[in-house]
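In this chain, residues are counted from 1 in sequence order.
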Amino acid sequence: MLLATQAYQLYLKSKLNNKQLYISNYVYMEIRRSYIISIISFYFVLHLDNVYTIGDAITLWSNKFKGSELKAILQLISQIFSTSQLNFSNPKDKNKALSLLAIYIKRFDLIIKTKFKFSEDLTNCARAEVPLTIDIKNPAIGLKKFVLGFEDTATCRNQCKIDDFLIIHCKLEVEQIVEIASQLPKNTNTRRFINIANNLK
């Protein structure tokens, strides 16, 4: 519904047009972690003083990040800039590109909040609650604040209820895993596995 090709999005809309769409906090967090954070990362690569053009930022990104997810982000960003007819080698278009990215990030987050109804989520994922507030005139401040809050995993994990959720809903499975682990040969990895499983109990 959010990232598929236009043809597939149209197909999904035709099937789900009259139905309420739901999203959980945990899924929302995953979209932020795997997608929005990556776009923000590219924003700050382009924002660097010694990066003069969009092409410079793309080259730097391509050399630094090799993962398939990040390459997909690069394709999307290139498409956004091409659609707006920005010149990848013209330094004058750098600020336009930064503004476009900030608008895209803000709009994408808003689409999620308006298109989907948040379902009750017993995981209480704190990273999903980190505010993303962007002032289009000076987006870097809001984006940096969001990244710092989102990547403060220690604070977020203290508030997260995923362990409680797993124990309540997967109690039988956890007990079976502990039983199987206790019957395995006692090497270092097995002992570590049993300790983890027992901690879940």
#### Entry: For F88 against S82, the heavy-atom pair lying closest together
CZ-OG, 3.8 Å

### Message
Is the ring pair F81/F42 parallel, tilted or perpendicular, if the boundaries are 30 and 60 degrees?
### Response
tilted

### Query
Does I136 share a hydrophobic cluster with I105, counting links as ILVMFWY side-chain heavy atoms below 4.5 Å and allowing steps through other members?
yes

### Message
Determine whether the aromatic ring centres of residues Y35 and F108 are separated by less than 6.0 angstrom.
### Response
yes

### Message
As an exercise, state the distance from CD1 of I80 to CD1 of I39, rounded to the nearest 0.5 Å.
### Response
6.0 Å

### Task
Could you tell me the separation between the CZ atom of R33 and the CD atom of E151, rounded to the nearest 0.5 Å?
11.0 Å

### Task
Please check if atom CZ in F118 has more than 12 non-hydrogen atoms from other residues, nucleotides or ligands closer than 6.0 Å.
yes

### Task
Heavy atoms only: give me the nearest P139-A102 pair and the separation to one decimal.
CB-CB, 3.5 Å

### Query
Yes or no on side chain to side chain contact (heavy atoms under 4.5 Å, CB included) for I141 and D135, after CA distance, side-chain angles and deciding distance?
CA-CA 8 Å; I141 295 172; D135 178 0; over 6 Å; no

### Query
Once you round to the nearest 0.5 Å, how far does CG of L98 lie from CD1 of I103?
11.0 Å

#### Entry: With sequence neighbours excluded, residues passing side chain to side chain contact (heavy atoms under 4.5 Å, CB included) with Q85
none

## Note on the structure
Between the CG atom in L86 and the OG1 atom in T53, the distance rounded to the nearest 0.5 Å is 11.5 Å

### Message
Under 4.5 Å between side-chain heavy atoms, counting indirect links through other Ile/Leu/Val/Met/Phe/Trp/Tyr residues: same cluster for M29 and Y22 or not?
### Response
no

### Message
Please determine whether residues I31 and I111 belong to a single hydrophobic cluster, defined as Ile, Leu, Val, Met, Phe, Trp and Tyr linked transitively by side-chain heavy-atom distances below 4.5 Å.
### Response
yes

### Query
Is the side chain of S99 donor-acceptor paired with the backbone N or O of N95 at a distance under 3.5 Å, no angle test?
no

### Task
May I have the step-by-step check of side chain to side chain contact (heavy atoms under 4.5 Å, CB included) for Y104 and L100, ending in yes or no?
CA-CA 6 Å; Y104 178 85; L100 272 175; over 6 Å; no

### Summary
Rounded to the nearest 0.5 Å, the CD atom of Q9 sits from the OG atom of S14 at a distance of 12.0 Å

### Intermediate values then yes/no, side chain to side chain contact (heavy atoms under 4.5 Å, CB included), I77 and L46
CA-CA 11 Å; I77 286 169; L46 180 59; over 6 Å; no

### Query
With sequence neighbours excluded, what pairs up with F146 under the ring pair (Phe, Tyr, Trp, His ring centres under 6.0 Å) test?
F150

### Query
What are the two closest heavy atoms between V51 and A57, and how far apart are they?
CG1-N, 3.6 Å

### Task
Could you walk me through whether V130 and D152 pass side chain to side chain contact (heavy atoms under 4.5 Å, CB included), step by step?
CA-CA 10 Å; V130 175; D152 182 7; over 6 Å; no

### Query
For the side chain of S41 and the backbone of I37, is there at least one donor-acceptor N/O pair under 3.5 Å apart?
no

### Query
Is the count of non-hydrogen atoms from other residues, nucleotides or ligands lying under 6.0 Å from N50 atom CG greater than 12?
yes

### Query
Any salt bridge (charged side-chain N to carboxylate O under 4.0 Å, His left out) pairs touching residues 76-94, not counting sequence neighbours?
D93-K96

### Single-linkage hydrophobic cluster L48~Y52, side-chain heavy atoms < 4.5 angstrom
no

### Interatomic spacing from CG in N25 to CZ in R32 - rounded to 0.5 Å
9.5 Å

### Query
Transitively linked via ILVMFWY side-chain contacts under 4.5 Å: Y26 with L21?
yes

### Query
Considering all heavy atoms of both residues, which atom of I73 and which atom of W61 are nearest to each other, and what is their separation?
CG2-CZ2, 4.4 Å

